[in-house]
Amino acid sequence: MHDVAIVGGGVGGVLSGSLLAHAGLDVILLEALDYLGGCSGTFAHREGVFNAGATTLVGLDDRLPVGRIARVLGIKLPVRPVDPAIRVHLPQTTVPLLRNRDAFLEALEHSFPHIDHALLWSSVFRTADALWPALSSLPVFPPNNPGESLRSLVWAMRLLSGTGLSVLGRAINHIHSVTTDPVYQQFLDHLLLITTQATSRDVTFLPAALGLSYATLDNHVALGGMSAALDALAKPIPRILRRTRVRRILPKNDRYILQTSRGEIEARKVVLNRDIWSLGELVDAEPVRLAAQKAMHRVPRRWGAVTLYFMVQLPPDRTPDLHHQIHHEKNPWTGSHSLFLSLSDPSDERLSPEGWRSVTVSTHTEPALWENLEPALYAEQKERVRTFMLDQICAHLPEFRHAAKGGILVGTPRTFRRFTGRTEGSVGGVPMTQGQFPFGFASCRTPLKGLYQVGDTVFPGQGWPGVATGVLNLMKVLEKDSVLPKDARKLLQGVF
């Protein structure tokens, strides 16, 4: 019998499993796919190898959650820094999002000379610089008892004493205090969509500051794909079973029985790297089913993605930046107004073979737009989206226009649901709207003792930094619940 079973090899599952194994526990990780990462993984298909989502790898600095975990584990990741993090293509201008803050502001000034950028961005940077280090001392959250509530209150008061109460207001108010330029607001809103899953009208300034400043953090590309970074982070886990689907989890006295496609596995504790809406489908316990039903009502809004994957042959002397956000007129089949493109590094032997480059493109969509379509209509809609997205890419990135392309695939929420098992094929986690962040987010605790959850739908969610912060929060809960060995603090120094 294992001490802990991790169900799901996404970012949260891998980071949790590695830290628990590093602390001395017997850990087994179960993953249904043949690669780690889930929505952040890397898969092979015909002519190419593709990252499942278009993204940068951010937050490897020692001050930030992923970097702290990698340092604790003693792991060096196969990455290369990228700068600019993203090049944003607007209707009349292009803005490189540079790491150096002065250069970042100079680029904004060049594209939007009539706006007082320093006034807005000084608040953004000041808030982000206060919040990132504060997250390292964040008490167990959401609080579960009066003691935890008091510690959270003290932590929040200390943070707000440095940032001011205005960070609790909507981000749009801060933006409008500087400018009401609709193009500039669209520029900011589409950055927020890929970092907070919400726009400035719905998100408070506190998480918005983290989302807007993320390009000035250390952004990287993972050589060998995102799964290569996860494979490196998963090295401490003694046993990983890929292609192993967990069909049911049965509580039994002081343990759990996991019914899998490879037979039964027993564990004293279970950590679920699943979305909060699907737990009731997996765990055979009424309290968990009720919690999942409440989550469906409490967090009804979920984003899906339409993705485009293809290989492209680009001239070596005309290599664009690796990450691009393209703003465009409304996509009739997704309702989105921008797409995000990630291009593989030319030195990446796995994703860039023999002069070809791997491309992943993603855009937001409502999952409901892809449900209940007849096969012919579904195929037709995919083809229309494919044409629309390629047209936008070629219009803004001339290098792609006449370049040879191959292996063009289209993914939809139905695709993500099929391969990752996520509810409605949702991606990106819970939108950080005023109604959800922070108290609407799910805890890593579940109604059952010894059953925990982690991932982008658990506080605080959102990308590698958010999920990693949630993993650090989980470690604090496991220490309180006496799951970790007594010497865990020494072994995990830098986590607590």
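FYI, the numbering just counts along the sequence from 1.
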Check: Got a sec, which residues hit side chain to side chain donor-acceptor pair (under 3.5 Å) with Thr307, two or more places apart in sequence or on another chain?
Finding: Tyr309
Checklist line | Candidate pair Trp277 and Met296, rule side-chain contact (heavy atoms from CB on, under 4.5 Å), full reasoning | finding: CA-CA 6 Å; Trp277 307 292; Met296 291 289 285; 3.4 Å; yes
Next item on the list: Could you tell me whether the side chain of Thr216 and the main chain of Ser213 form a donor-acceptor pair under 3.5 Å?
Entry: yes
Do any side-chain atoms of residues 49-56 form donor-acceptor pairs under 3.5 angstrom with protein atoms, and if so which ones, sequence neighbours left out?
residue : atom : partner : partner atom : Å
Asn51   : OD1  : Thr42   : OG1          : 2.8
Asn51   : OD1  : Met226  : N            : 2.9
Thr56   : OG1  : Asn219  : OD1          : 2.7

Please output the side-chain donor-acceptor pairs of residues 425-434 that fall under 3.5 Å, not counting sequence neighbours, one pair per line with the distance.
residue : atom : partner : partner atom : Å
Ser426  : OG   : Thr423  : O            : 3.0

Checklist line | Check: Thr93 side chain, Ser111 main-chain N or O, donor-acceptor pair, under 3.5 Å | finding: no
Checklist line | Note, Leu233 side chain near Leu77 side chain (heavy atom, < 4.5 Å) | finding: yes
Next item on the list: Could you check whether the rings of Phe441 and Phe437 sit parallel, tilted or perpendicular, using 30° and 60° as the cut-offs?
Entry: perpendicular
Item checked: Test item: Thr195 side-chain N/O and Leu191 main-chain N/O as donor-acceptor pair under 3.5 Å -> yes
Note to self: With side-chain contact (heavy atoms from CB on, under 4.5 Å) as the criterion, how do His324 and Phe340 come out once you've worked through the C-alpha distance, each side chain's angles and the decisive distance to 0.1 Å?
What the structure shows: CA-CA 6 Å; His324 300 261; Phe340 189 27; 5.8 Å; no
Margin query: Quick test of your reading of the model: are Arg302 and Asp275 salt-bridged, counting only N-O distances below 4.0 Å?
Written below: no
Notebook entry, point to check: Quick one: are Val271 and Gln453 in side-chain contact, heavy atoms under 4.5 Å?
Noted result: no
Check: Are the side chain of His174 and the backbone of Ser166 linked by a donor-acceptor contact shorter than 3.5 Å?
Finding: yes
Notebook entry, point to check: ring-ring contact (aromatic ring centres under 6.0 Å, His included) between His190 and His327: does it pass, once the steps are laid out?
Noted result: CA-CA 8 Å; His190 284 259; His327 291 219; 4.7 Å; yes
Item checked: Sequence-distant partners of His323, ring pair (Phe, Tyr, Trp, His ring centres under 6.0 Å), two or more places apart -> none
Margin query: Checking Glu148 now: which residues fulfil side chain to side chain contact (heavy atoms under 4.5 Å, CB included) with it, not counting sequence neighbours?
Written below: Val140, Pro143, Asn144, Asn145, Arg151, Arg445, Lys480
Next item on the list: Please lay out, stage by stage, how Thr415 and Arg418 fare under the test side-chain contact (heavy atoms from CB on, under 4.5 Å).
Entry: CA-CA 5 Å; Thr415 313; Arg418 174 186 172 192; 5.7 Å; no
Notebook entry, point to check: Is there a side-chain contact between Leu188 and Leu120, using heavy atoms and a 4.5 Å cut-off?
Noted result: yes
Next item on the list: In plain terms, say whether Arg101 and Asp129 are close enough for a salt bridge, that is, a side-chain N and a carboxylate O under 4.0 Å apart.
Entry: yes
Note to self: Looking only at side-chain N and O atoms, does His89 offer a donor or acceptor that is under 3.5 Å from a partner on Gln392?
What the structure shows: no
Next item on the list: Mind telling me whether Phe459 and Phe141 have parallel, tilted or perpendicular rings, with 30° and 60° as the class edges?
Entry: tilted
Item checked: Val167 side chain near Thr204 side chain, heavy-atom distance below 4.5 Å -> no
Notebook entry, point to check: Backbone N or O of Leu150 within a donor-acceptor pair of the Trp155 side chain at under 3.5 Å?
Noted result: no
Notebook entry, point to check: Does the His364 side chain pair with the main chain of Leu193, one donor and one acceptor, at a distance under 3.5 Å?
Noted result: yes
Item checked: Short N-O contact, Asp62 and Arg68, less than 4.0 angstrom -> no
Check: Would you call Asp284 and Arg289 a side-chain contact if the rule is heavy atoms closer than 4.5 Å?
Finding: yes
Checklist line | side-chain contact (heavy atoms from CB on, under 4.5 Å) assessment of Thr363 paired with Met389 | finding: CA-CA 9 Å; Thr363 188; Met389 293 174 77; 4.1 Å; yes
Check: Of all residues at least two apart in sequence or in a different chain, which pass the side chain to side chain donor-acceptor pair (under 3.5 Å) check with Ser200?
Finding: Asp189
Notebook entry, point to check: With distance as the sole criterion, is a donor-acceptor pair present between the side chains of Ser358 and Ser344 under 3.5 Å?
Noted result: no
Notebook entry, point to check: Are Ile175 and Val178 close enough that some pair of their side-chain heavy atoms sits under 4.5 Å apart?
Noted result: no
Check: Only one of Arg414, Glu383, Glu371 forms a side chain to side chain contact (heavy atoms under 4.5 Å, CB included) with Tyr378, so which one is it?
Finding: Arg414
Check: Taking Thr412 for the side chain and Val306 for the main chain, is one N or O donor matched with an acceptor at less than 3.5 Å?
Finding: no
Notebook entry, point to check: Do side-chain atoms of Asp481 reach the backbone of Val483 as a donor and acceptor pair under 3.5 angstrom?
Noted result: no
Next item on the list: Report the distance from atom CG of Asn331 to atom CG of Leu339, rounding to the nearest 0.5 Å.
Entry: 8.5 Å
Item checked: Contact check, side chains of Leu168 and Phe205, non-hydrogen atoms, under 4.5 Å -> no
Checklist line | Lys/Arg-Asp/Glu bridge criterion (N-O < 4.0 Å) met for Arg386, Asp391 | finding: no
Item checked: Short side-chain to backbone donor-acceptor contact, Asp456 and Gln462, under 3.5 Å -> no
Check: Checking ring-ring contact (aromatic ring centres under 6.0 Å, His included) for the pair His117/Tyr184: CA distance, chi angles, key distance, verdict?
Finding: CA-CA 11 Å; His117 300 284; Tyr184 193 67; 5.3 Å; yes
Check: Backbone N or O of Gly59 within a donor-acceptor pair of the Trp464 side chain at under 3.5 Å?
Finding: no
